[in-house]
Amino acid sequence: MVTNFDGVGRSKGREMTKENAVRLTKKVVDGIVSNDERRFVWDSELSGFGVRADPSGSKTFIIRYRANGGGRNAPKRFQTVGRYGNLTVDEARKKAKILLGAAAKGEDPAGELQTKRREMLMAELIGLYDEEGCVVQRGIRQGEPMKPRTKAYTIARLRHHVVPLLGRKRVSEVGAGEIERFVRDVTNGKTAKDEKIGFRKRIIVRGGEGAARKVVKDLSAVFSFAVRRKIVSSNPCDIAAVKKSDNRRDRYLTLEEVSRLGKAFDALELEGVNAKALNIARLWALTGCRRDEIAALRWNEVSFEHGLLVLDDSKTGKSIRPLGAAAIVLLRGITRKPGSDFVFPAERGDGHFQGTKGVWTRVVAKAELPGVTPHTLRHTMGSTAVSYGEGLPLTGAILGHANARSTAIYAHVQHDPSRRAANRISGKIAEALAGRSEMSDQNEQSDAHEH
């Protein structure tokens, strides 16, 4: 049995005892598995010494003690000793013994560390957030680690924008005024750069209003983390007069624009452009799925029998999406590559195809749709569904907004109507991709005139 711990100095559940502790060794630590939540395993040899295992797979040595030399009424303290891998079990035990010894003499290592952290630099806070703070803050995945790609983009934005402008300031010195100045500087391009770092490798950092909105949301999450760790008392981003969203609806395509997109797909296919990239883009339009939900799609996630995509690991966890007839026809026409689980396998290697970026640039240029992104097609599916009278619950099911953890007993209620809705709406988009939307509209107008 292990004690659950919320990471901010409070333990939940029963105290650990000698009976449910184990002597920590390399074999024991290697064997600790954490699936959905943090696990704590305590050492039976050195009281107060343990290891924390996170769902991400990382393992960290920690100590637990009571401040002021102990006593039932003394506050509990928890302190990180070091990462497993950077420290061996024996090295961590020696370091923990020194810290616990100091605590027994009346010192307060964690309290002193917390005091120092209040004076840490912003660059150091970003480093601590990278190590311990990158978790989802809202929604059904709240508290879970960020997806690796999400974390990589988040930390890159913080390091490229926050560290150059605020990195040398102490955390306690950054208030609402500094946040407002920071946003203005990023908006005006002060952090923009194009730097060559190696053969065919560059770091391109773009400033502007969009970049400022994204990074200030990241920075707000960093300060929320700092509040939870008692490094600061409040989040200055909460009261700063800055935009965290553009307050506008996202771009979506009209059916006439979808028709232009379809003609661009067909023209580029005749020019010999990679068929995988084009089919991925067509499925973005026909399903409303996110970029990598299609690009990294596996055959075992496609249920032709039930007309569904059963995605193992979407942005919101496991997700079930209905497929329209046009998407099913496209998928049935794809030849499976022997030895690969991916619907769109890489040209070389074992991964999935990742060459859509260059092809998409050609598609939007050919269709004369500047600024349109693959995510625009997701908004197009949603807006088309609502425009043609589909209810918000069915639209949410098509886009994967519905709670993926609903019990199986309701599956037939959710998926059958949503499949019919997906078929109706993807049918409209399929007609537009094929250039038939204008004819359909004319026929509808003719029928209305006759009646």
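Hydrogens, waters and symmetry mates are skipped; everything else that's a heavy atom, side chains included, is used. From a predicted model like this one, the values you see are computed outputs, not experimental measurements.
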Exercise. Does the pair Arg168 and Glu124 meet the rule for a salt bridge (Lys or Arg N to Asp or Glu O under 4.0 Å), with working shown?
Worked result: CA-CA 9 Å; Arg168 301 189 63 154; Glu124 294 172 320; over 6 Å; no
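- When all heavy atoms of Ser220 and Asp238 are compared, the closest pair comes out as OG-OD1, 4.2 Å.
- Aromatic rings from Phe342 and His352 are positioned such that their centres are separated by under 6.0 Å.
- Remark: Lys193 NZ is packed, more than 12 non-hydrogen atoms of other residues, nucleotides or ligands lying under 6.0 Å away.
- Across Ala212 and Thr187, no two heavy atoms sit closer than the pair CB-OG1, 3.3 Å.
- Atom CG of Asn300 sits about 6.5 Å away from atom CG of Asp341, to the nearest 0.5 Å.
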For this session: Apply the test side chain to side chain contact (heavy atoms under 4.5 Å, CB included) to residues Ile239 and Ile179: give CA-CA distance (whole Å), side-chain angles for both, the deciding distance (0.1 Å), then the verdict.
Result: CA-CA 10 Å; Ile239 58 172; Ile179 299 297; over 6 Å; no
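- Using a 4.5 Å cut-off on side-chain heavy atoms (C-beta onward), Met122 and Leu219 make contact.
- Sparse packing is recorded around NZ of Lys26, with 12 or fewer heavy atoms of other residues, nucleotides or ligands lying under 6.0 Å away.
- In terms of heavy-atom proximity, Cys289 sits nearest to Ile294 at CB-CG1, 3.7 Å.
- Asp30 has no carboxylate O lying under 4.0 Å from a charged side-chain N of Lys59, or vice versa, which leaves the two without a salt bridge.
- Nearest heavy atoms, Asp266 versus Leu433: OD2-O, 4.5 Å.
- In Tyr153, the OH atom is not crowded: 12 or fewer heavy atoms of neighbouring residues, nucleotides or ligands sit closer than 6.0 Å.
- A cation-pi geometry, defined here as NZ or CZ lying under 6.0 Å from the six-membered ring centre and within 45° of its normal, does not hold between Arg378 and Trp284.
- Atom CD1 of residue Ile429 and atom CG of residue Leu255 lie 7.0 Å apart, to the nearest 0.5 angstrom.
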Problem set entry | salt bridge (Lys or Arg N to Asp or Glu O under 4.0 Å) evaluation trace for Glu91 with Lys95 | CA-CA 6 Å; Glu91 288 170 341; Lys95 190 174 177 182; over 6 Å; no
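- The CD atom of Glu173 lies 10.5 Å from the CG atom of Leu166; values are rounded to the nearest 0.5 Å.
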Exercise. Do Asp218 and Lys214 pass the salt bridge (Lys or Arg N to Asp or Glu O under 4.0 Å) test, and can you show the C-alpha distance, the side-chain angles, and the key distance before you say yes or no?
Worked result: CA-CA 7 Å; Asp218 297 331; Lys214 285 181 180 178; over 6 Å; no
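- Heavy-atom minimum distance, Pro236 versus Ala176: CB-N, 3.8 Å.
- Ring geometry for His379 versus His375: interplanar angle over 60°, hence perpendicular rather than tilted (30 to 60°).
- Atom NE2 of His160 and atom CD1 of Ile203 lie 5.0 Å apart (nearest 0.5 Å).
- Within a 6.0 Å radius of CZ in Arg291, other residues, nucleotides and ligands contribute 12 heavy atoms or fewer.
- Judged by distance alone, the side chains of Ser319 and Arg321 do bring a donor and an acceptor atom under 3.5 Å apart.
- Within 6.0 Å of CD in Glu269 there are more than 12 heavy atoms belonging to other residues, nucleotides or ligands.
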Exercise. Please walk me through it: do Val171 and Phe223 pass side chain to side chain contact (heavy atoms under 4.5 Å, CB included)?
Worked result: CA-CA 9 Å; Val171 175; Phe223 273 107; 4.1 Å; yes
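- Both the sub-6.0 Å distance and the 45° axial angle are not jointly satisfied by Arg52 relative to the ring of Phe61.
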Problem set entry | Derivation of the side chain to side chain contact (heavy atoms under 4.5 Å, CB included) call for Asn279 and Lys276 | CA-CA 5 Å; Asn279 281 335; Lys276 289 179 188 175; 6.0 Å; no
For this session: Could you go through the side-chain hydrogen bond (donor to acceptor under 3.5 Å, both in side chains) check for Ser340 and Asp350 one step at a time?
Result: CA-CA 7 Å; Ser340 176; Asp350 299 326; over 6 Å; no
For this session: Would you check, one step at a time, whether the test side chain to side chain contact (heavy atoms under 4.5 Å, CB included) holds for Trp42 with Val51?
Result: CA-CA 6 Å; Trp42 300 95; Val51 64; over 6 Å; no
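- In terms of heavy-atom proximity, Glu257 sits nearest to Leu253 at OE1-CA, 3.2 Å.
- For the pair Asp130 and Lys151, the salt-bridge criterion is met [side-chain N within less than 4.0 Å of a carboxylate O].
- Atom CD1 of Ile155 and atom CD of Glu131 lie 10.5 Å apart (nearest 0.5 Å).
- One distance of note links CZ of Arg149 with CG of Asp292; it measures 4.0 Å at 0.5 Å rounding.
- Between Tyr129 and Phe225, the ring planes are perpendicular. Angles over 60° get that label, and only those under 30° would be called parallel.
- Between the side chains of Thr191 and Asp185, no donor-acceptor pair of N or O atoms lies under 3.5 Å.
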